[in-house]
2 protein chains.
Amino acid sequence: MQNALTIGELSARSGVAPSALRYYERLGLIWSSRTGGNQRRYERAMLRRVAFIRVSAQVGIPLEEIRAALASLGDGRTPTKADWTRLSRAWRSRLDERIALLEKVRDQLDDCIGCGCLSLKSCGLYNRDDELASKGPGPVKLLRRD
Amino acid sequence: MQNALTIGELSARSGVAPSALRYYERLGLIWSSRTGGNQRRYERAMLRRVAFIRVSAQVGIPLEEIRAALASLGDGRTPTKADWTRLSRAWRSRLDERIALLEKVRDQLDDCIGCGCLSLKSCGLYNRDDELASKGPGPVKLLRRD
DNA sequence: CTGCAAGTTGAAGTGAACTTCAACTCAAGG
DNA sequence: CCTTGAGTTGAAGTTCACTTCAACTTGCAG
C-alpha cells in the first residue's frame, strides 16, 4: 500500500472521472505532485477532499465557492483537524438550510394534495407565487443566500 | 380581473423571466393561446404549473423529466384533481429521497467533525468513496434514480 | 391617433461543469 | 526490450438552462 494515487486510482476510488479531476485541478480545487515522467500523483488525503467537493457540488454549491471554502483551509496544505472542523460546521448549516427548503417544498406539496390545488386560494404552492412576485423580479430565489 | 395572463404578468407573478417562459413553452412544459396580434395569453392555471416546474427544477430534476411527468397528466388539458394528486404523491417520494440523501450527508459530516477526519478509517464521508468505487466507475451516483 | 412599453421571432451568446479529441509519452508485466 | 494500457496537453465540443440581440409588431393610456 503506497500513499500516492495515480489519477486512475483516485478516479476509481472517488467515482469521479479522470477528466473531471484534471478539471478540478485546473480550477485549483485539488492539486498533485508529478513523477519524473510528468504524471500526477495524489496524496491519499486528496480522496477526502474530492469526496467533499462532490458532496458539496451535489448539494448545489458552485465549484468556485467550494474552491474558496477549501482555500480558507490554509493554502495547499492538508487541513488540520481544527480547519476541518470549522469548515464542516459552516457546511453543515448550508446543508441544514437546503434540507429545510426541501421540507418546506414537500409540505407545500402535501397541502396541494389535500386541497386539490385547482380550486384555490388556500394552496401554499399556489400562493407562494404572489409572495415571490412581491419580493421583486428575477428568477425564484428559493436557493439563494444573500 | 380577467383570466388570461400576458407573458409579462405570468412572469411577474411566477418570478420566472419572460425569456424562460418562452423557453419552457418551446420545450413543451407550458403552452398558451394567442391573441389576434399573435401575443401569448396564459390561463391562470398556468401559474400553478410554472410554480411546480420551478420547484422541481430547483430540487435538481431536469426540465425534460418534469415535462414527461407533466405530460402524463392528460395531454394539454388542465389536470384534474386526481391527476394532480397522483403527480404530487410521486413527486413527494422524490423529495423524500432527496431529503434523506442530504440528511445522510449531513450526518456523515457530523461524524467527520467528531473524528477529525484526518485519522481515518472511522469516517463515513471518507469510507463512502470505497463503497462507491465498488459499485463501478462513472460519476458519483448519489442523485441518480435507476 | 399617436407614442411607447410590452410582445414577437429565430439565431446567437453565456456560463457552469465537464467530456472528447488528437497526438503524443510513460510505466510496468512478460 | 517491447508492447500496451494509462497518462499528458491544449483546444474544441457538449449539455443544460437560459439570456441577449436585432428587427420588427401590438395594445392601450392619454
Side-chain angles (χ1 to χ4, degrees), chain A residues 2 4-42 46 50 52-70 133 137-144, chain B residues 1-2 4-42 46 50 52-68 70 133 137-144:
Chain A
Q2 312 93 257
L5 300 168
T6 65
I7 195 167
E9 288 161 349
L10 182 58
S11 171
R13 296 182 69 86
S14 69
V16 175
S19 61
L21 292 173
R22 290 194 199 97
Y23 177 66
Y24 290 167
E25 198 167 329
R26 276 216 328 276
L27 296 190
L29 283 145
I30 60 175
W31 63 90
S32 57
S33 53
R34 297 300 180 110
T35 62
N38 197 37
Q39 296 198 354
R40 289 172 180 82
R41 284 304 121 94
Y42 296 97
M46 206 52 77
V50 172
F52 182 81
I53 293 165
R54 289 308 300 168
V55 162
S56 302
Q58 271 163 351
V59 165
I61 302 169
L63 293 181
E64 170 50 30
E65 262 188 81
I66 300 170
R67 194 204 54 74
L70 286 170
V140 182
K141 302 283 193 309
L142 289 175
L143 290 179
R144 287 272 186 83
Chain B
M1 195 220 258
Q2 315 91 256
L5 299 170
T6 65
I7 194 167
E9 287 162 349
L10 182 57
S11 171
R13 297 181 69 87
S14 67
V16 175
S19 61
L21 292 173
R22 290 194 199 97
Y23 177 66
Y24 291 166
E25 197 167 329
R26 276 219 324 279
L27 296 189
L29 283 145
I30 60 175
W31 63 90
S32 57
S33 53
R34 298 299 181 112
T35 62
N38 197 39
Q39 297 198 353
R40 289 171 180 81
R41 287 301 122 96
Y42 295 97
M46 207 51 77
V50 171
F52 182 82
I53 293 165
R54 290 305 301 166
V55 161
S56 302
Q58 271 163 350
V59 165
I61 301 168
L63 294 180
E64 171 50 31
E65 262 187 80
I66 300 170
R67 193 204 55 72
L70 286 170
V140 182
K141 302 285 194 306
L142 290 175
L143 289 179
R144 288 271 188 81

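These numbers come from a predicted model, not from an experiment. First the proteins, then the strands, lettered A, B, ... as listed; each starts at 1.
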If you compare every side-chain N and O of A:R26 against the phosphate oxygens of C:dA16 (OP1, OP2), does one of them come in below 4.0 Å? no
Can you find a side chain N or O atom of A:R40 that sits less than 4.0 Å from OP1 or OP2 on D:dG7? no
Could you tell me the separation between the CD atom of A:E65 and the P atom of C:dA16, rounded to a whole number of Å? 11 Å
Please report, rounded to the nearest Å, how far the C1' atom of C:dC18 is from the CD atom of A:Q58. 14 Å
With sequence neighbours excluded, tell me which residues meet side chain to side chain contact (heavy atoms under 4.5 Å, CB included) with A:S19. A:A17
A:S56: what forms a side chain to side chain contact (heavy atoms under 4.5 Å, CB included) with it, not counting sequence neighbours? A:F52, A:I61, A:I66, A:W91
With sequence neighbours excluded, what pairs up with [X] under the side chain to side chain donor-acceptor pair (under 3.5 Å) test?
| X | answer |
| --- | --- |
| B:R22 | none |
| B:Y24 | B:R54 |
| B:E25 | B:S32, B:R40, B:Y42 |
| B:R26 | none |

What nitrogen or oxygen pairs link the protein and nucleotides 15-17 of chain D at under 3.5 Å?
from	atom 1	to	atom 2	distance (Å)
D:dA17	OP1	B:L63	N	3.4
D:dA17	OP2	B:L63	N	3.4

Between protein and nucleotides 20-30 of chain C, map the contacts as a letter string: B base, S sugar-phosphate only, - none, heavy atoms under 4.0 Å, written 5' to 3'. B-----SS---
